[in-house]
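Quick notes on the structure that follows.
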Number of protein chains: 2
Amino acid sequence: MIRQSDKGNLKKLGSNIKRLREAKKLSLRELSYACDIDNSKISKIEKGQINITFTTILQLAKALEISPSELLMTEYD
Amino acid sequence: MIRQSDKGNLKKLGSNIKRLREAKKLSLRELSYACDIDNSKISKIEKGQINITFTTILQLAKALEISPSELLMTEYD
DNA sequence: ATAATTGCGGTCTAAAAAGGCCGCAGTTAA
DNA sequence: TTAACTGCGGCCTTTTTAGACCGCAATTAT
């Protein structure tokens, strides 16, 4: 499918994650270690290249020390 | 993979979605129509049987007329 | 009693995520 | 000027979601 409106939303999510990671001054590899997700995958997530699952959201939120809910705290289309 | 701790979290998410659907007095088929997701899939989601993606979360939130963030507003392990 | 609705499980295919590893430019530190 | 770190993209395999359709048992109307 890969609907067009989704692409923008994935980018928004990615930017938000990147913003939060940088706020904690973590490198991709450091966050990778903290949430047990390959650093290249996190890079793709931040770029909005993959449509992550709920459990991946939980892993990231935990490592970033925020609530899953907060991770999605953005306006989507 | 299907980690054990994830199962519980998926059930929590599912319960939350079910609660929100019932609060709006929608049947599975009605919600299905509203968010364009097959009713049998929604059933599985509510039962915690599948690990939905970010975009599916957006679809459900939209149909339930709440923010994606609110859809995840629960405590997870 | 009959008909409609509802939740839910099963089945199938195609598409995509998960998970992991490698390597390369570019930047930063030693 | 080396050495280390960083972001990032490609590649590969396995597992799972997405998406769609069918049918049934139970509940709820009519």
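Just so we're on the same page: letters track the sequence lines, and every chain starts at 1.
Remark: T53(B) is not in phosphate contact with dA17(C), judged by side-chain N or O atoms under 4.0 Å from OP1 or OP2. Contact annotation: T56(A) reaches the phosphate of dA18(C) (side-chain N/O to OP1 or OP2, under 4.0 Å).
We find that OH of Y33(B) is positioned 14 Å from P of dA20(D), with the value rounded to whole Å. Atom P of nucleotide dC8(C) and atom NZ of K47(B) are separated by 4 Å, given to the nearest angstrom. If you take CG of D38(A) and C1' of dC12(D), they are 13 Å apart, rounded to a whole angstrom. Residue K41(B) contributes atom NZ, which lies 11 Å from atom C1' of dA20(D) at whole-angstrom precision. Rounded to an integer number of Å, the gap from R21(A) CZ to dC5(D) C1' is 13 Å. Nucleotide dG9(C) holds its C1' atom 15 Å from the CD1 atom of I45(B), rounded to whole Å. Between the P atom of dT6(D) and the CD1 atom of I42(A) lies a distance of 13 Å, rounded to the nearest Å. Atom pair I52(A):CD1 and dA16(C):P shows a separation of 16 Å (rounding to whole Å applied).
Of the residues near DNA chain C, R29(B) and S40(A), the one whose nearest nucleotide (by heavy atom distance) lies more toward the 5' end is R29(B). Both S43(B) and T55(A) sit near DNA chain C, but only S43(B) has its closest nucleotide nearer the 5' end.
Using a 3.5 Å distance cut-off with no hydrogens or angles, the side chains of S69(B) and S69(A) do pair a donor with an acceptor. For the residue pair T55(B)/N51(A), the side-chain donor-acceptor check at 3.5 Å is satisfied.
Between L13(B) and L71(B), the shortest heavy-atom contact is CD1-O, 4.0 Å.
With respect to D77(A), the salt bridge (charged side-chain N to carboxylate O under 4.0 Å, His left out) criterion is satisfied by exactly one of K11(A), R3(A), K12(A): K12(A).
Between E30(A) and R21(A), no side-chain nitrogen of the basic residue sits less than 4.0 Å from a carboxylate oxygen of the acidic one, so the salt-bridge criterion is not met.
Judged by atom type and distance alone, K18(A) does not reach the base of dG7(D) through any side-chain donor-acceptor pair under 3.5 Å.
If you check every strand for non-hydrogen atoms under 4.0 Å, N39(B) touches a base. Base contact: K44(A) has a heavy atom under 4.0 Å from a base atom.
For L28(B), whose side chain is taken as the heavy atoms from C-beta onward, the closest listed nucleotide among dA17(C), dC8(C), dG7(D) is dC8(C).
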